[in-house]
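As a basis for the values below, the full set of heavy atoms in this structure was taken, side chains included, without hydrogen atoms, waters or symmetry mates. Model, not experiment: these values are computed from the prediction.
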Amino acid sequence: MLASEAPSPRAISGNATVTTVVSTINMNDPRQIAANGPHLRTAGSFLSISSRRVIEPRRTPQANCPPMTDTVISYREVMKPVTLDSVDRQLIHALDLDGRASFARIADVLGVSENTVGRRYRRLRQAGVLRVVGAVASAKLGYALWTVRFSCTPGSGMPIAAALAKRPDTFWVHLLSGGTEIACTTQSSIAAEPDVLLLDKLPRSSRITSVSAHQMLRGFARPGGLSALSDKQIAELRVPVDPAEEITFDEADGRLVQVLAEDGRAGYGELAAASGLSESTAKRRIEALRQAGVLSYQLDISLRTLGFQAEARLWVVVRPSAVASVAKALAEHEEVQFAAVTTCPANLVAAIACRNAAHLYEYLTDRIGSLDGIQQMETAPVVRTVKRSGSLLPL
C-alpha cells in the first residue's frame, strides 16, 4: 500500500491510528507491480514510481505483533548527519528545478566548478539526504489517488508502518502522534480495475481495529518552495512544460520510468538497457514525456536536513463553498508541502513543515486560524518518517 501525504486518523482511546494510501493494481502481488509498471507517489498532482531495490530484511523486535502481508524490514545503513552550507542549498534548489540538469549546467548557473557540484551531490546522495526520483502525472495515466487510515492497537504502529513501507506500492509512510498513528498515500487504476474494492487489497491483522479510505480529488502544491537561488538563476534552470500536449505511454516508457524511480539521474546507457531502446531513442522519449507533463523529476529529501524539525499532518473540515479558496490559500503558504481536497469528512488534508514547535503553533493559530470557512481542524505531529518516495528509511 502507499502512504498518504496529508491525512491521518484521529487518536482513539486505547487504539493507535494509521493512515495510508494504496494502489489497487495487482496488490496481491506487489513484486509483480514493481516489474510490470509504474507506481507513483503524490507530489502535487504527481506520483513517484516505486523502486525495485531489494533490501536485506531483518525482523523487528516486536515479535508479538501478528505478521502482515510482507515481512517487516529496515535499512542496515543509517542517514549520516550533514551540515548544509549556501552552495549545498543552491544545489538542492537547482535539482528541485531540474533533477536531470548536468553538473556542468548547474555549475555555470551557480558560479562554481563542475567538480564542486559533482562532489557536493555525491556527498548528499551517499549520506541519504536526497535523491532525484522520476514521477509521472497520475491523472494523465488514469490513476486515482487515495488516502487510507488505519486504527490499530497500542504498540503495533511501528511494525505495521514498516510492513506498509516495505511494499513497492506505498509511499510517504509516517508515524504520527507519539507512534500511535500512521499516515500514507496510494493510487488505483480507474481503467484497469474500476470494480475492485480498495480495502480488499489491504493487509489483514488482528492489531488493526478499523480502516477507512478516501479519494484525493485534487491536489494543490506551491511551485518552487525553495529560495536559495535568484530569479535569474531560477529562470535559467526551469524546464518548460506543455501539459496540453497529447502523448502515449507504452511498455518501453514503463521500463524507462521504473529505472528513473530508482535514480532520476540514471545514465542513458542504463535506460537503454532496461527499455530495449537505443540511447538516443531513450533520451528523446524521456524528454518527450517530460515536455508533455507526463514525467517530472522531484527531490526525495529529508526536510529535517533543511531545518524543518516540526512536521505535521492536518485534516480540515471546510465549508463546501470555501473548499477551493482555502485549498489555494494553503498551497501558497511556505509551510505547506502539499494540500488536497478529498472525499473524507475532513474534506481538506495537508502536509506541513515548520522550523520548530513554536513555529508550528504560530502557523496553526495565526495563518490557518485566520482563513475564512474552516470549521474544524485535526493536527497530528510526524514523529518519524518511515518511507518517503519509494525508499524505506532507517528504523
Side-chain angles (χ1 to χ4, degrees), residues 1-24 42 44-45 138 143-153 157 160-161 164 170 172-178 180-188 190 196-202 208-221 311-331 333 336-352 363-365 367-382:
M1 299 180 294
L2 293 177
S4 82
E5 287 218 38
S8 155
R10 186 165 44 235
I12 302 174
S13 177
N15 290 331
T17 307
V18 180
T19 303
T20 187
V21 185
V22 304
S23 167
T24 60
T42 50
S45 60
S138 57
Y143 284 84
L145 291 179
W146 293 82
T147 176
V148 183
R149 297 169 63 165
F150 294 84
S151 293
C152 56
T153 57
I160 292 174
L164 291 171
T170 66
W172 295 109
V173 180
H174 302 285
L175 272 177
L176 307 174
S177 303
T180 61
E181 302 177 84
I182 304 173
C184 316
T185 305
T186 195
Q187 75 283 342
S188 63
I190 298 173
V196 171
L197 294 177
L198 186 66
L199 297 184
D200 286 347
K201 299 294 185 177
L202 303 180
I208 298 175
T209 59
S210 68
V211 183
S212 64
H214 300 282
Q215 186 174 349
M216 302 169 80
L217 302 177
R218 182 173 179 181
F220 297 81
E311 296 180 64
R313 295 296 176 268
L314 306 181
W315 292 265
V316 186
V317 179
V318 182
R319 188 177 68 247
S321 61
V323 169
S325 61
V326 172
K328 291 176 182 177
L330 283 179
H333 294 177
V336 175
Q337 305 300 304
F338 178 79
V341 175
T342 77
T343 58
C344 179
N347 48 8
L348 184 61
V349 297
I352 63 174
Y363 177 70
L364 294 176
T365 57
R367 301 292 302 280
I368 292 186
S370 63
L371 295 177
D372 181 51
I374 293 180
Q375 299 175 330
Q376 186 178 340
M377 183 173 65
E378 178 185 351
T379 306
V382 174

So CG of Asn347 and CD of Gln376: to nearest 0.5 Å the spacing works out to 10.5 Å
For Thr379 and Pro381, the nearest pair of non-hydrogen atoms, with its separation, is O-CD, 4.0 Å
Taking every heavy atom of Pro345 against every heavy atom of Val317, the minimum-distance pair comes out as O-CG2, 3.9 Å
Would you find a donor on one side and an acceptor on the other, under 3.5 Å apart, between the side chain of Thr342 and the backbone of Gln215? no
Value for CD (Gln337) from CG (Leu330), rounded to nearest 0.5 Å, stands at 12.5 Å
d(His174 NE2, Leu164 CG) to nearest 0.5 Å is 12.5 Å
Would you list the atom pairs, donor with acceptor, under 3.5 Å between side chains in residues 367-375 and any protein atom, with sequence neighbours excluded?
| from | atom 1 | to | atom 2 | distance (Å) |
| --- | --- | --- | --- | --- |
| Arg367 | NH1 | Glu335 | OE1 | 3.4 |
| Arg367 | NH2 | His333 | NE2 | 3.4 |
| Ser370 | OG | Asp366 | O | 3.0 |
| Ser370 | OG | Arg367 | O | 2.9 |

Run the side-chain contact (heavy atoms from CB on, under 4.5 Å) check on Phe338 and Arg313 step by step: do they pass?
CA-CA 10 Å; Phe338 178 79; Arg313 295 296 176 268; over 6 Å; no
Note: Val173 and Ala161 closest approach over all heavy atoms is CG1-O, 3.6 Å
Practice task
Kindly determine whether Val336 and Tyr363 satisfy side-chain contact (heavy atoms from CB on, under 4.5 Å), including the steps that lead there.
Solution key: CA-CA 10 Å; Val336 175; Tyr363 177 70; 3.1 Å; yes
Show which side-chain atoms of residues 318-326 pair as donor or acceptor with protein atoms under 3.5 Å away, not counting sequence neighbours.
| from | atom 1 | to | atom 2 | distance (Å) |
| --- | --- | --- | --- | --- |
| Arg319 | NE | Ser321 | OG | 3.1 |
| Ser325 | OG | Ala322 | O | 2.9 |

Note: Ala183 and Leu176 closest approach over all heavy atoms is CB-CD1, 3.6 Å
Run the numbers on Val382 and Leu175 for side-chain contact (heavy atoms from CB on, under 4.5 Å), then give the verdict.
CA-CA 6 Å; Val382 174; Leu175 272 177; over 6 Å; no
Output for pair (Leu314 CG, Ile352 CD1), nearest 0.5 Å, gives 4.0 Å
Of all heavy-atom pairs linking Ser177 and Ala380, the shortest is OG-CB, 3.5 Å
When every non-hydrogen atom of Cys344 is compared with those of His214, the smallest separation belongs to CA-ND1, 3.4 Å
